[in-house]
Amino acid sequence: MKSELATLITSGLQKLVAEDVLRVMPDVTPQIDHPKDTAHGDLSCNIAMVLAKQAKISPRDLATQLIAALPDNTLIERTDIAGPGFINFFIRASQHTAVIGTILEAKDQYGRCDIGRGRRVQVEFVSANPTGPLHVGHGRGAAIGDSLGRLLTATGWSVQREFYYNDAGQQINNLALSVQARAKGKGPEDPEWPVDGYRGEYIQDVATAYQAGDTVHAADRTITADGDLNNLDAIQAFSVACLRREQDQDLRSFSVLFDRYFLESSLYESGAVATTVRALEDNGHTYADQEALWLKTTDFGDDKDRVMRKRDGGYTYFLPDVAYHHDKWQRGFERVINEQGADHHSTITRVRAGLQGLDVGIPKGWPEYVLHQMVTVMRDGSEVKLSKRAGSYVTLRDLIEWVGCDATRFFLVARAPTSQLTFDIDLALARSNENPVYYIQYAHARCASLLLKAETLLGDEGVMAGLPHVDTLTEPETLGLIINLARFPDVVVAAAERLEPHDVANYLRQVAADFHSFYNAHKILDAAPDTALARLALVAATQQVIASGLDLLGVSAPEAM
RNA sequence: CUCCCUGUAGUUAAACAGGAUAUAACUACCGCCUCCUAAGCGGUGAUUCCAGGUUCGAGUCCUGGCGGGGAGGCCA
């Protein structure tokens, strides 16, 4: 509807140019908004105020002339000029109600589009090191990253979800040493406990399984424990597999699946790291100092240069990161979006600098980053910091056990990634409209319940029977709901473009509120037959939009509650 | 010291890339089930941290303060 109006306005402007009211066709695209106040019409346009200065006439005069220049159409009921020069458009009611038919015919395709045109995008997220259970922060990353994937898919991109993990560095050595110590009966209080060892109780579980000779299957490999307490390599491989399996279980119960797992160690095995170093050297972006090899990241906007090969010959973490992203580039992803915690902020400049240094035509802003801020967990009014399992942090599994998958996902994704998040356990458990998850799901369940009761009334045609009568849906509450349903495709596109899934959550809350108001204001099943059919069509359309929206967030849409 | 995020009713958030009278929920008080799920609906509250600036118009953009969080290492 917006685009149709934009076309009308554009041809109106062309006519004004032809009439010499405007000297040139403006290069600004008219901005069309939904006014907050319904007295301001259904859509409003600010173009007259924007162009008034260059046209050297007052905004309101320009608006008058523009309205006169608009072509004939069936869209607009009437127009109005308000305030400093807004043009307010009142759309014919039949144009509004038509969306119900559109939704019912498109079914779960409503809101989807092909802006991405099948181009390939990769979303990398979670990417936790396999050294312990996933914590709340990983959960936020999982919820946001997965929703981003769903949004990009819905807008026509071909999405790959990838999980990258470090199975080679110092942290993994510490893991193996910790498991070994546990297997030998030592605890964290023991003087011989490894420095920087992992202290959580889960280490004991891994040690026990290792000694028992268990076989574990993680997403990408199967490993049987060797049992030998002195074989550190075997302990390491087994421990990694064990913890990866635990993480995968948590992610699966969180409805998050990955297409590919990428091991840091493979970058060493394939020689990608060495190749990357050589390329950076050949391109003249490196220098030696104090027996270390430095990358001149200052050439690419960093505030100081960074060491890439340490004095002891090992690489710092960002070098494999550069090699890894070069690999992604070679795999042909037009876009790569990395969802990470805000503590990874400093890697952005370095990785991009390294990629520029390779000089292989990678765009400056590639890859893109979505960084989420910290999560704190509240319960009974105070901050929760401990999990029995992990020892020092609240795990994702804890959260899912406490409040369930749906509420956990919703709460973690419903807030802008850039804002700090307090996860209130009591709120997530609350069974009232304090709790937006249930508020939205309840609206969906109400729709489902109505349609179930209406089966005989609807007959063979089903909900389509109401379409000839939707013009009768003219009450304010009803039209408000319809207009919001019509916004859904715009909301999806905006959320995908801005990489902000929480837009969808806010939108759904609005739709649910509109629906509950409509439900309370009007009888649906007991209305006059034609009206009942029309309202049922609207109920079905609402149910579809809520279900599709919740799906974008990875939250279920229950038929009954 | 430098960089990033952030500051909106008592509380938690919203404001659809700068729009019109800043929107909701919680809380308090009042009302609504012989009726389609009351996990619901309807009614009453703001100097948008402070000071400047940009313009037709600023919660939103810019500059400078103040407050909260995070990052800065030959750690990942």
Side-chain angles (χ1 to χ4, degrees), chain A residues 31 33-37 39-40 44 46 48-50 52-53 58-59 82-86 88 127 129 131 166 169-172 196 264 289-294 302-304 306-318 320-321 341-349 371-374 376 414-420 422 424 427 430-443 445-446 448-454 477 487 490-491 494-495 497-498 502-503 505-507 509-510 512-513 515-527 532 535-536 539 560-561:
Chain A
Q31 182 188 328
D33 290 313
H34 295 96
K36 290 172 198 160
D37 189 340
H40 295 140
S44 78
N46 67 348
M49 289 178 288
V50 177
K53 206 168 202 177
S58 82
F86 289 102
N88 294 331
S127 293
N129 282 343
T131 52
N166 171 336
Q170 186 56 39
Q171 298 192 16
I172 300 299
D196 299 327
E264 184 185 8
D289 185 36
Q290 300 172 37
E291 297 170 59
L293 188 63
W294 296 68
D302 205 353
D303 57 343
K304 54 185 169 189
R306 309 287 170 175
V307 169
M308 51 190 251
R309 190 169 59 217
K310 296 182 281 185
R311 203 177 300 169
D312 64 10
Y315 296 107
T316 56
Y317 71 94
F318 90 90
D321 265 7
D343 53 340
H344 289 77
H345 172 256
S346 56
T347 71
I348 297 177
T349 314
L371 300 183
H372 63 259
Q373 300 290 316
M374 262 184 54
T376 50
R415 205 128 299 165
T418 51
S419 61
Q420 291 162 45
T422 302
D424 186 332
L427 179 59
R431 308 183 138 234
S432 72
N433 64 0
E434 279 179 75
N435 187 333
V437 195
Y438 293 127
Y439 185 76
I440 295 165
Q441 288 184 323
Y442 184 50
R446 270 184 158 174
S449 167
L450 283 167
L451 292 169
L452 195 65
K453 284 189 196 313
E477 304 84 2
R487 278 181 55 212
D490 289 345
V491 170
E497 277 177 357
R498 295 160 61 164
H502 72 283
D503 288 350
N506 288 331
Y507 167 76
R509 216 178 316 193
Q510 185 61 55
F515 177 74
H516 287 310
S517 295
F518 161 73
Y519 178 92
N520 271 275
H522 304 289
K523 286 285 169 241
I524 293 157
L525 298 178
D526 294 340
R535 285 181 182 159
L536 282 165
V539 169
M561 289 176 73

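Heavy-atom basis, side chains included; hydrogens, waters and symmetry copies ignored. Since the model is a prediction, treat every value here as computed from it, not as a measurement.
Taking a pair to require two hydrogen-bonding distances under 3.5 Å in either a Watson-Crick or a G-U wobble arrangement, B/U2 pairs with B/A71. Nucleotide B/C26 has B/G10 as its partner under the Watson-Crick or G-U criteria, with both atom distances under 3.5 Å. B/A76 makes up no base pair with any nucleotide shown, lacking Watson-Crick or G-U wobble contacts both under 3.5 Å. B/U48 makes up no base pair with any nucleotide shown, lacking Watson-Crick or G-U wobble contacts both under 3.5 Å. B/C36 is unpaired under the criterion used here, namely a Watson-Crick or G-U wobble arrangement in which both key atom distances are under 3.5 Å. Base pairing analysis places B/C61 opposite B/G53; the two distances defining the Watson-Crick or G-U wobble pair are each below 3.5 Å. Under the Watson-Crick and G-U wobble criteria, each requiring two contacts below 3.5 Å, nucleotide B/C16 is left unpaired. Pair check for B/C41 finds B/G31; Watson-Crick or G-U wobble, both atom distances under 3.5 Å.
Distance, A/Asp196 CG to B/G73 P: 18 Å, rounded to whole Å. The separation between A/Glu477 atom CD and B/G43 atom C1' is 15 Å, rounded to whole Å. Atom NE2 in A/His522 sits about 16 Å away from atom C1' in B/C32, given to the nearest Å. As a whole-Å value, the separation of A/Asp503 CG from B/A15 P is 7 Å. One interatomic measurement links the two molecules: CG of A/Asp343 to P of B/U6, which rounds to 17 Å at whole-angstrom precision. Distance, A/Glu497 CD to B/C16 P: 15 Å, rounded to whole Å. Counting to the nearest Å, the P atom of B/A71 and the CD1 atom of A/Ile348 are 14 Å from each other. The interatomic distance linking A/Met49 (CE) with B/G18 (C1') rounds to 11 Å, in whole Å.
The nucleotide whose nearest atom lies closest to any side-chain atom of A/His345 is, among B/C4, B/G19, B/A15, B/C4. Between B/A39, B/C74, B/C36, one nucleotide has an atom nearer to the side chain of A/Leu525 than all others, and that is B/C36. Taking every side-chain heavy atom of A/Arg446 into account, B/G40 is the closest of B/C16, B/C36, B/G40. Taking the side chain of A/Thr316 as heavy atoms from C-beta on, and the options B/C41, B/G69, B/A76, the nearest nucleotide is B/A76. Checking B/A76, B/C16, B/C74 against the side-chain heavy atoms of A/Arg498 singles out B/C16 as nearest. Side-chain atoms of A/Gln290 lie closest to B/C74 of the nucleotides B/C74, B/A20, B/A71. In the set B/G19, B/G70, B/U21, B/G19 carries the atom at the smallest distance from any side-chain atom of A/Asn46. Of the listed nucleotides (B/G73, B/A76, B/A20), B/G73 has the atom at the smallest distance from the side chain of A/Lys304. Here the side chain of A/Arg415 is nearest to one of B/A13, B/G69, B/A17, namely B/A13. Minimum atom distance to the side chain of A/Tyr519 is reached by B/A38, of the listed B/A38, B/A76, B/U6.
If you take atom C1' in B/U11 and the same atom in B/G70, they sit 24 Å apart, rounded to whole Å. As rounded to the nearest Å, B/C61 and B/C5 have P atoms that lie 11 Å from one another. Using atom P as the reference point in both B/C33 and B/U8, the two lie 39 Å apart (nearest Å). Of the P atoms belonging to B/G7 and B/A14, the separation is 9 Å, rounded to the nearest Å. When the P atom is compared between B/U6 and B/G42, the two are found 32 Å apart, to the nearest whole Å. The gap from the P atom of B/U44 to that of B/A22 amounts to 15 Å, rounded to the nearest Å. For the C1' atom pair drawn from B/C49 and B/A9, the interatomic distance equals 15 Å after rounding to whole Å. Separating the P atom of B/G68 from that of B/U12 is a span of 16 Å, rounded to the nearest Å.
Within 4.0 Å (heavy atoms only), A/Ser449 reaches at least one base atom of the nucleic acid. Nucleic acid contact class of A/Lys523 (heavy atoms, under 4.0 Å, all strands): base. A/Ala443 comes within 4.0 angstrom of nothing in the nucleic acid, heavy atoms only. Heavy atoms of A/His516 sit under 4.0 angstrom from primed sugar atoms or phosphate atoms, though from no base atom. Base engagement by A/Met561 is indicated by at least one non-hydrogen atom pair under 4.0 Å involving a base atom. Nucleic acid contact class of A/Ala292 (heavy atoms, under 4.0 Å, all strands): base. Using a 4.0 Å heavy-atom criterion, one finds that A/Ala560 contacts the bases of the nucleic acid, with or without backbone contacts as well. Base engagement by A/Ala82 is indicated by at least one non-hydrogen atom pair under 4.0 Å involving a base atom. When heavy atoms are screened at a 4.0 angstrom cut-off, A/Gln170 is found touching no nucleic acid atom at all.
The base of B/A76 sits within donor-acceptor range of the side chain of A/Tyr317, with an N or O pair under 3.5 Å. Not a single donor-acceptor contact under 3.5 angstrom links the side-chain atoms of A/Asp33 to the base of B/A15.
At least one side-chain nitrogen or oxygen of A/Lys36 sits closer than 4.0 Å to the OP1 or OP2 atom of B/A20. Residue A/Tyr439 places none of its side-chain N or O atoms closer than 4.0 Å to OP1 or OP2 of B/C26. The phosphate of B/A20 (OP1 or OP2) has no side-chain N or O of A/Ser44 nearer than 4.0 angstrom. Distances shorter than 4.0 Å separate none of the side-chain N or O atoms of A/Arg306 from OP1 or OP2 on B/G72. Contact check, A/Ser346 against B/A71: no side-chain N or O comes under 4.0 Å of OP1 or OP2.
Classification of B/C33 as syn follows from a glycosidic angle within 90° of 0.
Where stacking is scored as ring centres under 5.5 Å apart with planes under 30°, A/Phe86 registers as stacked on the base of B/A20.
A/Phe86 places none of its side-chain heavy atoms less than 4.5 Å from the side chain of A/His40. Contact check for A/Phe518 versus A/Ile524: side-chain heavy atoms found under the 4.5 Å cut-off. Side-chain contact between A/Pro35 and A/Ser44 is present, with at least one heavy-atom pair separated by less than 4.5 Å. Using a 4.5 Å heavy-atom threshold, the side chains of A/Tyr317 and A/Asn166 count as separate. When side chains are defined from C-beta on, A/Asp503 counts as touching A/Arg498, because their heavy atoms get closer than 4.5 Å. Annotation: side chain of A/Met308 is not in contact with side chain of A/Tyr315 (no heavy-atom distance under 4.5 Å).
Nearer the 5' end of RNA chain B, as judged by each residue's closest nucleotide, is the contact made by A/Ser419, out of A/Val307 and A/Ser419. The nearest heavy atom of RNA chain B to A/His344 and to A/Pro84 marks one nucleotide each, and the one closer to the 5' end goes with A/Pro84.
At distances below 3.5 Å, at least one donor-acceptor pair connects side-chain atoms of A/Ser517 with backbone N or O atoms of A/Ala513. With hydrogens and angles disregarded, no donor-acceptor distance shorter than 3.5 Å links the side chain of A/His345 to the backbone of A/Leu371. With hydrogens and angles disregarded, a donor-acceptor distance shorter than 3.5 Å links the side chain of A/Thr316 to the backbone of A/Val307.
Both the sub-6.0 Å distance and the 45° axial angle are not jointly satisfied by A/Arg446 relative to the ring of A/Phe515.
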